[in-house]
2 protein chains.
Amino acid sequence: MSAEAVSLETKDRQNQPSLEPILSLTAPSMEAVNSVILERMQSEIPLIPALAGHLISGGGKRMRPMLTLAGAELVGYKGDHHYKLAAAVEFLHTATLLHDDVVDGSETRRGKKAANIVYGNPATVLVGDFLFARAFELMVDADNLRALKVLSDASVVIAQGEVDQLTAQRKIETSQDHYLHIIGAKTAALFAAASRISAVIAERSAEEEKALDDYGRNLGIAFQLVDDAIDYDSERAEMGKDQGDDFREGKMTLPVILAYAKGSAEERKFWQEAIAGFRNEDEDLAYAIELIHQHDTVAATREKALEFAEKACDALSIFPDSEARAAMVEAAQFAVSRLY
Amino acid sequence: MSAEAVSLETKDRQNQPSLEPILSLTAPSMEAVNSVILERMQSEIPLIPALAGHLISGGGKRMRPMLTLAGAELVGYKGDHHYKLAAAVEFLHTATLLHDDVVDGSETRRGKKAANIVYGNPATVLVGDFLFARAFELMVDADNLRALKVLSDASVVIAQGEVDQLTAQRKIETSQDHYLHIIGAKTAALFAAASRISAVIAERSAEEEKALDDYGRNLGIAFQLVDDAIDYDSERAEMGKDQGDDFREGKMTLPVILAYAKGSAEERKFWQEAIAGFRNEDEDLAYAIELIHQHDTVAATREKALEFAEKACDALSIFPDSEARAAMVEAAQFAVSRLY
């Protein structure tokens, strides 16, 4: 099947793409992963499952472990090591979220009070460390040194991406390339690794490993672009995070980078002040959303996300048609559809 | 050689035990470890080596990697995987220190401003994460799944110990057993793992692995007991940490647990208020030190440390006499001598 045939353009707008196929495909194995997650977040120290559970049972999409499970279906993996690895991937992600919320001073996460607000920064930092350590313990249990290498390398890249993002915060001069580099590290590296390890444990060819890595990486970038666009979408309220968080934190995301580039002198002055932290009011956010609407940069961000989602789908074209491939393609289409 | 012969009692007070022999023993290999540390703390993000270097080049004793190197000498390991593992151990330790300083709001570390004061909490949390990730990357490079298991299990125990300590903070009712459990996890688990992995990579017997684990674990407890005693020693000023930090943070350490147990009703009232955080002044610390001096609980803590140091030495008695063994025994003697 050609790359064309799995392109996003085949899906019409009436028939909205959904996560349903990938959810169904991975439902039985996700149950096994959820058991591992539940079992391994336990500890003799009651605060650990309480705090970890606050976030983990808070209704995340489990997108990253789902990639490992879908990839395992795609390549016909027959073992059971992917359950532990997928749980490890979710723990790595959860640890990062906990630390992100401390770093950003977030007040809400997944529609409820953030862990740092409920339990305080010290406990949130330390339980994040626990989940990070547990993730590696699970990887060791999965008994595959190459999968461990993929995931430990990804962890380093993620941490670098987080520091890079922190360094770029409140810097109006952040370029589109720098931004794409940051999200490639902080978000897409884990999507790529989660997807790749399915081919690693199934001992498939380097070509298939790379295809799954490309799929996950491009999907991760598309996902993050859409998340960042939603924060300024005039027709959307929250979608997992509170609208306006990026604005108030002075994060340079693509809708802002593009609006700043297209802005009048006066508008650029507004952006400079806002990103520097001197325009924090609700009316400032409203004005930012209005400027972004005027310059149509949510749409431009969506177009960019579409490019990456298409690359994700293209990467899968080396695999024969299958239920798994179709579900993974539709997941990529869904990633972008969240903005329509 | 019997356990007797390696006992602490053989060393007389005039001839103070020193770290010199273990430092000499491990000097050549520590140079290789330092190269790995320096190389692997680099990153394309300049803030990472700046912040990590602030602590790493701040003159720590490198006690934990030294245990891996000394153990490798003891068992006659001939490869070079211990350099990476020892560097990983130091990175794990450094990551923990960075997060500890954020959690405690520490102002100084190793005689200079703590990283969280210089670079802020967000960067300190994230660079800690980077070092933690790098540690696992290094372990993977060392290519030994069993060593990875020992160190990842230890990381989980350490994180649990940190949360346990946080939970016990400001709780006057913390028992001696609970305290020993906490330091066994937060401190001694890494000493044990650092020491054990030398036997793991050298593929020595389970008995030798356990002996090295016992050595490290008991040494770690002795070290922490002495550190905690120094914080209240009337004849000592700082020794790596500012005197009075534990007091002001409401940490229940052995000198306090014992002084509280022996105290009059009035003294117990003082301790309750102090540990709860209502007596933070310099005069309160002075009174705490006076009470601890009266009840001689620094000496009692030292006696306890001596017990553990002796157990550490005893554990090594299964190995034939050697320069390495003598150096490791003297390191344990040194651990306790810091309080004389």
Side-chain angles (χ1 to χ4, degrees), chain A residues 40 43-48 51 92 95-96 98-100 102-105 119-141 143-169 181 185, chain B residues 40 43-48 51 92 95-96 98-100 102-105 119-141 143-169 181 185:
Chain A
R40 294 301 185 97
S43 159
E44 53 171 26
I45 317 297
L47 179 56
I48 291 176
L51 196 155
L92 285 180
T96 306
L98 290 174
H99 287 184
D100 274 354
V102 168
V103 163
D104 293 337
Y119 297 96
N121 284 342
T124 306
V125 169
L126 297 178
V127 174
D129 290 349
F130 171 84
L131 291 174
F132 203 78
R134 259 302 198 238
F136 279 95
E137 202 184 44
L138 274 164
M139 291 175 218
V140 171
D141 284 358
D143 204 26
N144 185 305
L145 204 55
R146 286 218 43 243
L148 247 160
K149 178 158 178 55
V150 170
L151 285 166
S152 64
D153 286 350
S155 301
V156 170
V157 171
I158 293 163
Q160 292 191 98
E162 293 281 343
V163 179
D164 197 8
Q165 173 176 259
L166 186 71
T167 310
Q169 216 169 338
H181 186 70
Chain B
R40 294 301 184 96
S43 158
E44 52 170 26
I45 316 298
L47 179 57
I48 291 176
L51 196 155
L92 285 180
T96 306
L98 290 174
H99 287 184
D100 274 354
V102 168
V103 164
D104 293 337
Y119 297 96
N121 284 342
T124 307
V125 169
L126 297 178
V127 174
D129 290 349
F130 170 83
L131 291 174
F132 203 78
R134 260 299 198 239
F136 279 96
E137 202 185 44
L138 274 164
M139 291 175 217
V140 171
D141 284 358
D143 203 26
N144 185 304
L145 204 55
R146 285 218 43 243
L148 247 160
K149 177 158 178 56
V150 170
L151 285 167
S152 64
D153 287 349
S155 301
V156 170
V157 172
I158 294 163
Q160 291 192 99
E162 292 281 343
V163 179
D164 197 9
Q165 173 176 258
L166 186 71
T167 309
Q169 215 169 338
H181 186 71

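In what follows, chains are A, B, ... by sequence order, proteins preceding strands, each numbered from 1.
- At a 4.5 Å heavy-atom cutoff, the contact between Ser43(B) and chain A is made by backbone and side-chain atoms alike.
- Ser155(A) is not listed as a side-chain neighbour of Phe130(B), based on a closest heavy-atom distance of 4.5 Å or more.
- Both the backbone and the side chain of Leu145(B) come within less than 4.5 Å of a heavy atom of chain A.
- When heavy atoms are compared at a cutoff of 4.5 Å, Asn121(B) does not approach chain A at all.
- For chain A, the option among Asp141(B), Thr124(B), Leu131(B), Asp153(B) with the highest count of heavy-atom pairs below 4.5 Å is Asp153(B).
- In terms of heavy-atom pairs under 4.5 angstrom with chain A, the leader among Leu92(B), Ile48(B), Ile158(B), Leu51(B) is Ile48(B).
- Looking only at heavy-atom pairs under 4.5 Å with chain B, the residue among Pro46(A), Ala159(A), Ala133(A) that has the most is Ala133(A).
- Asp100(A) is linked by a salt bridge (charged side-chain N to carboxylate O under 4.0 Å, His left out) to nothing, counting only residues two or more places apart in sequence or in another chain.
- Under a 3.5 Å cut-off, the side chain of His99(B) and the backbone N or O of Val125(A) do not form any donor-acceptor pair.
- Here the CG atom belonging to Leu151(A) is positioned 4.5 Å from the CE atom belonging to Met139(A), to the nearest 0.5 angstrom.
- What you find for Gly161(A) and Ala185(A) is that their closest heavy atoms are CA-CB, 3.6 Å.
- Under the salt bridge (charged side-chain N to carboxylate O under 4.0 Å, His left out) criterion, Asp104(A) pairs with Lys251(A), sequence neighbours left out.
- With respect to chain A, the highest number of heavy-atom pairs below 4.5 Å among Lys149(B), Gln160(B), Arg146(B), Arg134(B) belongs to Gln160(B).
- Chain A forms more heavy-atom pairs under 4.5 Å with one residue of Val127(B), Val102(B), Asp143(B) than with any other, namely Asp143(B).
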- Please walk me through it: do Val156(B) and Phe136(A) pass side-chain contact (heavy atoms from CB on, under 4.5 Å)? CA-CA 9 Å; Val156(B) 170; Phe136(A) 279 95; over 6 Å; no
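- Note on Thr96(A), Leu47(A), Leu126(A), Leu138(A): by heavy-atom pairs under 4.5 Å with chain B, the leading option is Leu126(A).
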